[in-house]
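The next block holds one structure in the form of structure tokens; read it before the comments.
The chains referred to below are lettered A, B, ... by the order of the sequence lines, with proteins before strands, and numbering in each begins at 1. Note that these values count all heavy atoms, side chains included, but never hydrogens, waters or copies made by symmetry. The structure presented is a predicted model; accordingly, all values stated were derived computationally and were not measured.
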Protein chains: 2
Amino acid sequence: MEGFLADCPGRLTVELLADKWSVVVLAGLSRGPVRHGDLIDLIGGGISRKVLTQTLRRLQSHGLVTRRAHAEAPPRVEYALTPLGVTLVEPIHVLTTWARTHGEAVLDAAAE
Amino acid sequence: MEGFLADCPGRLTVELLADKWSVVVLAGLSRGPVRHGDLIDLIGGGISRKVLTQTLRRLQSHGLVTRRAHAEAPPRVEYALTPLGVTLVEPIHVLTTWARTHGEAVLDAAAE
DNA sequence: CAGGATCCTGTACGATACTG
DNA sequence: CAGTATCGTACAGGATCCTG
């Protein structure tokens, strides 16, 4: 059973999500297409527009997110999950549900 | 529905796992107590002893992992999940299963 | 409204060597 | 075997200003 965590694609994919915002952004897209600005409101602040764009671009380049810019004035850009991205909704939902349920306990432990 | 991702304990808890190794280390502990060195083998290399210790310490300080040092020579230290940590096994299993299943597709998309 | 360009800081991570 | 100490680098992420 040695090295059962070593398989490479899986690990690299976990690393893709291993930053401060990827999971949160994907959760924000899980209910349907969202505009750039609305995504910031949805997340509830704390993320800068620059970092949001960077995060979306990386997720896009990995085939999880689509970007659609409407030729209008003012500009309107909508982000959405790809079919592949949709398959991530369930795992992320499980994770965020855990976080909401046990978040208090984790923070309490850290406070000691 | 604005700000449905803003609840604080949940986000901080997600951030706890938002680094390169936390998820992998927890997965390594999910089958039972493991020694420091065995954990490195289990992970399959790539993690230094320093970083492994740092990661374990942080997880320990958040109540997810226990550390038990046996007074022997040579030293033997076993890490295990706390009851709280055990509740994380399922979410992590879901995530890693997804990563193994869709990792190829994600990397293929990134390669273009 | 969306987001690019800059600048700046903290820190996660890695390599190596040393200790009990 | 487990862990610490030290050093160095890379990059994430925040603040601010500017553009179509």
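With contacts defined as side-chain heavy-atom distances shorter than 4.5 Å, the pair A/V77/A/R68 does not qualify.
Rounded to an integer number of Å, the gap from A/E15 CD to C/dG14 C1' is 13 Å. At whole-Å resolution of the value, CG in A/D19 and P in C/dC13 are 12 Å apart. The distance from atom CG of B/D41 to atom C1' of D/dC1 is 12 Å, rounded to the nearest whole Å. Atom P of nucleotide D/dA12 and atom CG of A/L52 are separated by 15 Å, given to the nearest angstrom. The distance from atom CG of A/L56 to atom C1' of C/dA2 is 11 Å, rounded to the nearest whole Å.
Residue contacts shown for A/R58 are absent, as no nucleic acid heavy atom lies under 4.0 Å away.
Side-chain atoms of B/T55 do not come within 3.5 Å of backbone N or O of B/W21 as any donor-acceptor pair. Of the possible donor and acceptor atoms, one in the side chain of A/H102 sits under 3.5 Å from a partner among the backbone N and O of A/W98. Between the side chain of B/T96 and the main chain of B/H93, a donor-acceptor pair closer than 3.5 Å is present.
Side-chain atoms of A/K50 stay outside donor-acceptor range of the base of C/dG4, with no qualifying N/O pair under 3.5 Å.
When each of C/dC13, C/dC1, C/dG4 is scored by its nearest atom to the side-chain atoms of B/K20, the top-ranked nucleotide is C/dC13.
Note on B/R35: every side-chain N or O is 4.0 Å or more away from OP1 and OP2 of D/dC1. Phosphate proximity of D/dT4 to B/R57: present, with a side-chain N or O under 4.0 Å from OP1 or OP2.
Mapping B/V51 and A/P75 onto DNA chain C via the closest heavy atom, the residue that lands nearer the 5' end is A/P75.
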